[in-house]
Student: 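Below is one structure. I have some questions about it.
All of these numbers come straight from a predicted model, not from anything done at the bench. Residue indices begin at 1 and follow the sequence shown.
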Amino acid sequence: MLSFCEAVLRAKSVQEIWSRHCQEMERYGFHRLIYGFTSFRKGNNFGHEDDLLILSNHPKEYLDIFVGEGKYRNAPMVQWAAQNDGPCSWRVVADRAMRGELTPGEIEVIEINHRFGIRTGYSIGFSDPLSYARGAIGLVGRPGLSQDEIDRIWRDNERELMVMNSLVHLRISTMPYSTGRRPLTDRQREVLEWVAEGKTTADIAIIMGLTPSTVEKHLRLAREALDVDTTAQAVMKASVQKQIFLNASHAAAAR
């Protein structure tokens, strides 16, 4: 596990971390993973899809339905992870089903999952010091493994699995990442950085060798890209999403 932790800490990109994590979880019997993180949750959900970072090794056909059609919002374990911290066996879904507690939307998601061979697993909800940030991961058991076997794997390896998944979440959540929204251009990043430094539009125009109207244009386009109303909101959102004040290597990874 130490070599895994070292590799995650050395990684230069989100995809590098994710690829290594998928390989490692496969060793424990979890062959499909889906991870979600947002810096802009609303209430007890994960907020707007365009602000979500979604990582998965599920097949595209499944993701087109589960994520693309927004079915994840009715997934019982996604709902659980959005409101709870720590790990939870998927056995709770079977228990709720036996008690007749599942909603029609939840039943539909379970039927979709079964169609793609997704029947057993574990989910983890990750808390964050920021009230508007939230992460979660779903670990799907390899076909042929019962929930009893998955629960036994978890009991036997809980400390290692929690350390590895928590480290991956903490590392990814502090790195630049792309979402469904178009990324900021270099010019948009630069003008937002100068605004964050307290510079006026006139100041920025002189510093960057542009006209004030061109600076305003870049600020307007940045607000549109981030889907916010004010420049102050744009600076905050770009900062939280690690889109500004990046060194050269991280800036390249964010594009």
Side-chain angles (χ1 to χ4, degrees), residues 11-18 35-56 63 67-68 70 72-73 78 81-83 125-136 168-255:
K12 301 298 184 183
S13 70
V14 167
Q15 285 302 329
E16 184 181 348
I17 294 171
W18 185 246
Y35 170 82
F37 176 75
T38 182
S39 296
F40 290 90
R41 71 181 305 197
K42 295 180 180 179
N44 287 326
N45 60 50
F46 283 92
H48 197 284
E49 286 91 343
D50 286 344
D51 290 320
L52 266 173
L53 167 66
I54 302 255
L55 301 171
S56 182
L63 294 175
V67 178
Y72 73 91
R73 293 188 176 277
V78 171
Q83 302 177 49
F126 301 107
S127 61
D128 195 281
L130 301 176
S131 61
Y132 44 79
R134 187 75 186 176
V168 164
H169 161 67
L170 290 171
R171 188 79 173 90
I172 288 175
S173 66
T174 61
M175 297 181 73
Y177 60 86
S178 59
T179 65
R181 302 191 189 282
R182 68 178 185 270
L184 297 175
T185 66
D186 290 341
R187 283 295 203 192
Q188 291 163 12
R189 287 194 183 93
E190 189 175 357
V191 294
L192 288 178
E193 288 170 357
W194 284 121
V195 169
E197 293 282 358
K199 303 300 183 184
T200 66
T201 299
D203 294 333
I204 298 170
I206 293 171
I207 294 168
M208 296 180 63
L210 304 172
T211 64
S213 62
T214 300
V215 172
E216 289 288 0
K217 181 192 74 171
H218 289 309
L219 290 172
R220 174 177 56 79
L221 293 174
R223 291 192 297 269
E224 291 175 358
L226 294 163
D227 191 26
V228 295
D229 297 322
T230 69
T231 298
Q233 290 174 317
V235 170
M236 187 274 287
K237 192 168 189 177
S239 178
V240 168
Q241 292 185 338
K242 314 297 184 303
Q243 293 202 60
I244 58 177
F245 295 114
L246 304 176
N247 61 39
S249 61
H250 284 150
R255 293 190 186 102

Student: Please assess T38 against L53 for the test side chain to side chain contact (heavy atoms under 4.5 Å, CB included), listing each intermediate value before the final yes or no.
Tutor: CA-CA 6 Å; T38 182; L53 167 66; over 6 Å; no

Student: Please answer whether the main-chain N or O of F245 pairs with a side-chain N or O of R189 as donor and acceptor at a distance below 3.5 Å.
Tutor: no

Student: Just to verify, what does E193 make a salt bridge (charged side-chain N to carboxylate O under 4.0 Å, His left out) with, not counting sequence neighbours?
Tutor: none

Student: Looking at every heavy atom in both M175 and V14, which two are closest together, and how far apart are they?
Tutor: CE-N, 3.9 Å

Student: With sequence neighbours left out, write down each residue that passes side-chain hydrogen bond (donor to acceptor under 3.5 Å, both in side chains) with Q15, or none if nothing qualifies.
Tutor: none

Student: Can you list the residues that meet the side-chain hydrogen bond (donor to acceptor under 3.5 Å, both in side chains) rule with S239, with sequence neighbours excluded?
Tutor: none

Student: Return the minimal non-hydrogen interatomic distance between A225 and L184, and the atom names on each side.
Tutor: CB-CD2, 4.0 Å

Student: Test side chain to side chain contact (heavy atoms under 4.5 Å, CB included) on T200 and V195 and set out the steps.
Tutor: CA-CA 7 Å; T200 66; V195 169; over 6 Å; no

Student: Is I172 close to Y35 at the side-chain level, that is, under 4.5 Å between some pair of heavy atoms?
Tutor: yes

Student: With sequence neighbours left out, write down each residue that passes salt bridge (charged side-chain N to carboxylate O under 4.0 Å, His left out) with D203, or none if nothing qualifies.
Tutor: none

Student: side-chain contact (heavy atoms from CB on, under 4.5 Å) with R187: which residues, sequence neighbours excluded?
Tutor: T185, E190, M208, L210, H218

Student: For E16, what residues pass the side-chain hydrogen bond (donor to acceptor under 3.5 Å, both in side chains) criterion, not counting sequence neighbours?
Tutor: none

Student: Nearest 0.5 Å, what's the CE-CG distance between M236 and L226?
Tutor: 10.0 Å

Student: Do you know the tightest heavy-atom contact between V235 and I244?
Tutor: O-CD1, 4.0 Å

Student: Indicate the atoms forming the closest heavy-atom contact of A205 with T211, along with that distance.
Tutor: CB-C, 3.9 Å

Student: Quick check against the 3.5 Å criterion: does K199 have a side-chain atom that pairs as donor or acceptor with the backbone of I204?
Tutor: no

Student: Please determine, by modelled atom types, if T231 and R223 share a side-chain donor-acceptor pair under 3.5 angstrom.
Tutor: yes

Student: For R171 versus T174, what's the shortest heavy-atom pair and its separation?
Tutor: O-OG1, 3.0 Å

